[in-house]
Amino acid sequence: MSSVNDWNPDDGPPPSPEEIAEARALEAHLAQGLDARPKDPEVTELVNVALRVRATTRPVDALSAAASRRALRAALDADRPVARVFRLRWGVAAAVAAAGVLAVAVGLQGRSHDRAPDGYAEALPPAFVEAVQPGAGAAPSTRLFDRRLRRYRESYLRGGAR
Amino acid sequence: MASLDPAGAEEQRLVESAQRGDREALSALLDRVARPLYAAVILPRVGAPADAEDILRDTLLRAMERIETFRWTGAGFFPWVRQIAVNLVIDHVRRNQRRSRLEERFERQAADVTPLHHAGAEEALIEQQERAVSLRMMESALSELNPRYRRAIEARIIEERSREECAGELGVTVGNFDVILHRALTALRKAYGVR
C-alpha cells in the first residue's frame, strides 16, 4: 500500500489545485446534508446525486411525511373550485377581457366618426371650418374670368348674339 | 372483473366517488399515495427535497385534473399516479439539463418496469416495492464505477461514516479522499444521470 500522503494512481491522475478546491467545497455542502444549498450548479448536481443515493438507501421518514403533507395541501388549495375555475378558464377569461377592451375601443372610434371630438374641432383654425364664400380671396385672374362669364351669360339671356 | 379484497374495494369506491366530484374521496385517495410517491418514486430520482416536493404537488394536481380519465384496473390507483410522477420527473430533468442517460433509463423503466402493485395495497408495501426499483437502478449505476470510487460513495454517503474513517479505509489523506469522492460522484452522475 502506498503512503497515505501519496496519490494512488488507481484513483486516476493527480488532482489539480482547482479540483482539490472543488472537492473541498463539495464536502462542505455534503456535510450539511438536506440543508445544503450550493450556488454553483455543478456542485448542486453532485450534491443532488448524493442526496438521491441517500434517499434510495435510507428512508427519510420525517422529511417524507412533512413534504408529502405540504404538497397535498398545496395541491388541494390550488384545486379549490374558485381557483380551479380561474386556473382552467384563465385563457377564456383573458379572451373575453380582450374582446371587451376591443369592443370599447371600437365603440369609441365609432363615436368619433359620428361626432367630431369637441376638443379636436375647437383646435382647428377658422379657415378649415367656415364656409367658403364665392369670390372671397380669389385671385385677379379668377375675377377676370368672372367678368367674362357674366357678360356671356347676360348676352345669352338677352337673345344670343354678341 | 376479478373480485377485490376489502381494501381494494374501498379504493375503488374512493376512485368512483372522486370521479363523481367528491373532494373528500379525492383527498383521501391522494393522501394514501402522496408519501410513497415522494419517498420512493420522486425523491430517489431527483435528490433535492424541495424539487421533489414541487414535483409531488404537480403530480397530485394533475391527478386531480385528470381523475375522470382514470380507468379502474386490478392494479388500483397507484400505478396511474406513479406514471404521472415519473413523467413529471422526466420533464424536470429535461428542463434542467440536456438529454441524459438517466432520462433514457427513466423512459426504459417506464416501459419495462411494472411493480407488482395491487388495489388497496398498504402505503408501506407500495413504498417498499418502489424503493426496490430505485435501489436496482442505483446499484446498476454504482456497478459501473471504479471499485474505489464505489467504495467511497458507499462509505461516506450510504454508511455516513466520517471523512477520516473513509480516508483511513482507502489509505489516503482526508484531502485526497475528498477528491476521490468528488470524482466518484461525478462518475456516478454520468452513470446514474444528472439529478
Side-chain angles (χ1 to χ4, degrees), chain A residues 1-8 10-12 14-15 19-20 22-28 30-31 33-34 36-37 41-61 63-76 78-81 84 87-88, chain B residues 23 26-27 30-31 34-35 37-40 43-49 51-61 63-65 97 127 131 134-135 137-138 142 146 148-149 153 156-158 160 163 167-168 170-173 175-176 178-183 185-186 188-189 192 194-195:
Chain A
M1 182 191 293
S2 60
S3 157
V4 292
N5 290 318
D6 292 337
W7 178 256
N8 187 335
D10 289 346
D11 297 329
E19 189 180 10
I20 292 171
E22 285 173 14
R24 197 174 297 140
L26 172 64
E27 174 54 43
L30 289 177
L34 297 173
R37 299 282 186 278
E42 182 73 14
V43 176
T44 301
E45 288 186 353
L46 295 180
V47 167
N48 284 343
V49 170
L51 290 175
R52 288 181 58 199
V53 172
R54 277 187 186 153
T56 302
T57 55
R58 288 173 167 262
V60 275
D61 292 337
L63 170 76
S64 299
S68 52
R69 269 199 308 272
R70 278 195 303 269
L72 178 59
R73 195 165 52 239
L76 288 170
D79 198 60
R80 278 181 304 192
R84 190 174 190 178
R87 181 162 42 80
L88 294 178
Chain B
R23 282 182 60 80
L26 182 63
S27 176
L30 296 176
D31 189 35
R35 189 184 142 150
L37 280 176
Y38 180 85
L43 190 60
R45 288 165 172 78
V46 173
D51 290 347
E53 189 173 325
D54 287 347
I55 292 171
L56 174 62
R57 183 202 57 220
D58 293 347
T59 300
L60 299 177
L61 206 45
M64 289 176 185
E65 290 167 1
Q97 59 167 70
E127 200 168 319
R131 196 174 295 286
S134 301
L135 209 51
M137 287 171 61
M138 192 198 74
L142 279 174
N146 172 326
R148 283 171 63 81
Y149 288 3
I153 289 174
R156 184 76 180 114
I157 309 295
I158 299 175
E160 295 186 331
R163 294 160 73 205
L170 291 183
V172 297
T173 62
N176 282 351
D178 289 345
V179 173
I180 292 170
L181 186 62
H182 183 271
R183 289 183 181 182
L185 287 172
T186 304
L188 182 62
R189 181 184 59 177
Y192 199 17
V194 185
R195 296 173 71 98

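Throughout, a chain's letter reflects where its sequence line sits, starting with A, and its residues are numbered from 1.
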Next on the checklist: Does any part of the side chain of B:Met137, heavy atoms only, come nearer than 4.5 Å to the side chain of A:Thr56, both counted from C-beta?
Outcome noted: no
Checklist outcome for this item: Heavy-atom nearest pair, B:Leu61 first then A:Ala75, reads CD1-O, 3.3 Å
Item to check | B:Met138 CE to A:Arg54 CZ distance, which is reported to the nearest 0.5 Å | outcome: 12.5 Å
Checklist entry - Hey, are the side chains of A:Asp11 and B:Val172 touching, using non-hydrogen atoms and a 4.5 Å cut-off? => result yes
Checklist entry - Which residue out of A:Gly12, A:Ser68, A:Pro41 racks up the most heavy-atom pairs below 4.5 Å with chain B? => result A:Ser68
Checklist entry - With a 4.5 angstrom heavy-atom cut-off, which part of B:Arg163 approaches chain A: side chain, backbone, both or neither? => result side chain
Item to check | Qualifying residues under salt bridge (charged side-chain N to carboxylate O under 4.0 Å, His left out), relative to B:Asp58, sequence neighbours excluded | outcome: none
Checklist outcome for this item: Okay, B:Arg35 and chain A: the region with an atom under 4.5 Å from a heavy atom over there is both
Item to check | Nearest atoms (heavy-atom pairs only) where B:Met64 meets A:Leu76 | outcome: CE-CD2, 3.2 Å
Next on the checklist: side-chain contact (heavy atoms from CB on, under 4.5 Å), that's the test. Do B:Leu43 and A:Leu63 meet it? Break it down for me.
Outcome noted: CA-CA 10 Å; B:Leu43 190 60; A:Leu63 170 76; 4.0 Å; yes
Checklist entry - Counting N and O atoms only, with roles assigned by atom type, does the side chain of B:Arg189 sit under 3.5 Å from a partner on the main chain of A:Val49, one being a donor and the other an acceptor? => result no
Next on the checklist: Contact between A:Val53 and B:Leu142 at the side-chain level, heavy atoms closer than 4.5 Å - yes or no?
Outcome noted: no
Checklist outcome for this item: On a heavy-atom basis, the closest approach of A:Arg58 and B:Ile158 is NE-O, 2.6 Å
Checklist entry - What's the verdict on side-chain contact (heavy atoms from CB on, under 4.5 Å) for B:Leu188 and A:Arg52, showing C-alpha distance, side-chain angles and the deciding distance? => result CA-CA 11 Å; B:Leu188 182 62; A:Arg52 288 181 58 199; over 6 Å; no
Item to check | Beyond-backbone contact of B:Val179 with A:Ile20, side-chain heavy atoms, under 4.5 angstrom | outcome: yes
Item to check | Flag side-chain contact, heavy atom, 4.5 Å: A:Thr57 against B:Leu135 | outcome: yes
Next on the checklist: Within the 4.5 Å heavy-atom criterion, are B:Leu185 and A:Leu30 side-chain neighbours or not?
Outcome noted: yes
Checklist outcome for this item: In short, A:Leu51 meets B:Gly47 closest at the heavy-atom pair CB-O, 3.3 Å
Checklist entry - Could you walk me through whether B:Thr186 and A:Leu46 pass the side-chain contact (heavy atoms from CB on, under 4.5 Å) check? => result CA-CA 7 Å; B:Thr186 304; A:Leu46 295 180; 3.7 Å; yes
Item to check | Taking every non-hydrogen atom, the tightest pair across A:Asp10 and B:Asn146 | outcome: O-ND2, 3.0 Å
Checklist entry - By a 4.5 Å heavy-atom criterion (distance strictly below it), what part of A:Pro14 contacts chain B: side chain, backbone, both, or neither? => result backbone
Checklist outcome for this item: Looking only at A:Arg24, A:Arg73, A:Arg70, the option with the highest number of non-hydrogen pairs under 4.5 Å against chain B is A:Arg70
Checklist entry - Does any heavy atom of chain B fall under 4.5 Å from the side chain of A:Leu72, the backbone, both, or neither of them? => result both
Checklist entry - If you look at every heavy atom in B:Ile157 and A:Ala50, which pair is closest and at what distance? => result CG2-O, 3.4 Å
